[in-house]
Amino acid sequence: MHVDDAIKSRKSVRRFLPDPVSRDTVTHLIEVAGRAPSGNNTQPWQVHVVAGEALHRLIDAILAAFDAGEEHHPEYVYYPTQWFDPYRERRQRCGYGLYEALGIEREDKARRHEQMRRNFHFFDAPVAMIVTLDRRLETGSYMDAGMLIQSLMTAARGQGLHTCAQAALAWYHQIIRDQLGLADYELVLCAIALGHEDPDAPENHFITEREPVANVASFHGF
């Protein structure tokens, strides 16, 4: 697959088929993505790959906390406390578009809650990758980790696989830490669900829009 096609065909898949993904394939993805740049080649990331019974145990533990209504918080601030345009409008378009694809009305709180809950099933993916960052480093390392995450998802497309990057899992970092035995210095950034797309799932036909180049770039000296 040409790299342009891999990037353009990447999307957030929210329903996967049960078809397994081999350890060798995931190892290949991590090896390829490991070519992502990082400041002074620090490579400040770790990738914890979870499948099989280990994944079922992790899902059960997180769902127990979610269903009990326990309050959990991530260890870093992802979203602003107050939204403002154009980001508020883009966020709303994304949320409304997904629920529309699923046939979920805005006032249907029960179905919205159930869709949120599916995050913690990793959308039925057979593999979850938990990406962590060494918390002793500084802000620049977040950029490094972001480049690794994008590289992992692009490499997955090169193997005919799909992904969904899931910041929602950062809220349950303590459960993830306990289940996977993470080191104290590891900060849970996100999860990446990995597997084969269910092509019949309506949510997988929802493709988010992108701003035109004129809205996000300026050119000097051309």
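The model shown is predicted, which means the values in this text are computed figures rather than measured ones.
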Plane angle bin for Phe84 and Tyr87 - parallel if under 30°, tilted between 30 and 60°, otherwise perpendicular: perpendicular
Parallel, tilted or perpendicular, as decided by the 30° and 60° cut-offs, for the rings of Phe219 and Phe222: perpendicular
Test side-chain contact (heavy atoms from CB on, under 4.5 Å) applied to Leu161 and Val13, Asp19, Val21, the passing residue: Val21
Compare every heavy atom of [Y] with every heavy atom of [X], then report the nearest pair and how far apart it is.
X      : Y      : answer
Ala6   : Met1   : CA-SD, 3.3 Å
Met153 : Ala165 : SD-CB, 3.9 Å
Phe123 : Gln115 : CE2-NE2, 4.0 Å

Straight-line distance of [X] [atom1] to [Y] [atom2], nearest 0.5 Å:
X      : Y      : atom1 : atom2 : answer
Gln159 : Leu194 : CD    : CG    : 10.0 Å
Tyr96  : Ile104 : OH    : CD1   : 14.0 Å
Trp45  : Thr132 : CH2   : OG1   : 11.5 Å
Arg177 : Ile130 : CZ    : CD1   : 11.5 Å
Leu187 : Arg135 : CG    : CZ    : 4.5 Å
Arg35  : Gln43  : CZ    : CD    : 8.5 Å

Considering only heavy atoms from C-beta outward, does the side chain of [X] approach that of [Y] to under 4.5 Å?
X      : Y      : value
Arg10  : Gln150 : yes
Leu17  : Asp124 : no
Asn204 : Asp198 : yes

Verify whether one side chain among [X] and [Y] offers a donor that lies under 3.5 Å from an acceptor in the other.
X      : Y      : answer
Arg210 : Thr208 : yes
Gln46  : His48  : no
His72  : Glu70  : yes
Thr154 : Ser151 : no

Are there over 12 heavy-atom neighbours, none belonging to [X], within less than 6.0 Å of that residue's [atom1]?
X      : atom1 : answer
Asp184 : CG    : no
Asn40  : CG    : no
Glu211 : CD    : yes
Glu89  : CD    : yes

Validation row, ring centre Phe16 to ring centre Phe122 under 6.0 Å: no
Quiz item: cation-pi between Arg136 and Tyr185, 6.0 Å / 45°: yes
Distance under 6.0 Å and angle within 45° of ring axis: Arg117 vs Phe66: no
Donor-acceptor under 3.5 Å (Tyr76 side chain, Leu189 main chain): yes
Donor-acceptor contact below 3.5 Å, side chain Arg15 vs main chain Pro199: no
Glu197/Lys11 salt bridge by N-O under 4.0 Å criterion: yes
Please tell me whether [X] and [Y] are part of a single hydrophobic cluster in this structure, the criterion being side-chain heavy atoms less than 4.5 Å apart.
X      : Y      : answer
Tyr172 : Met116 : yes
Ile192 : Val26  : yes
Ile175 : Leu182 : yes
Leu58  : Leu63  : yes
Met147 : Leu152 : no

Worked check of side-chain contact (heavy atoms from CB on, under 4.5 Å) between Arg112 and Arg106: CA-CA 8 Å; Arg112 283 173 173 256; Arg106 294 186 191 181; 3.4 Å; yes
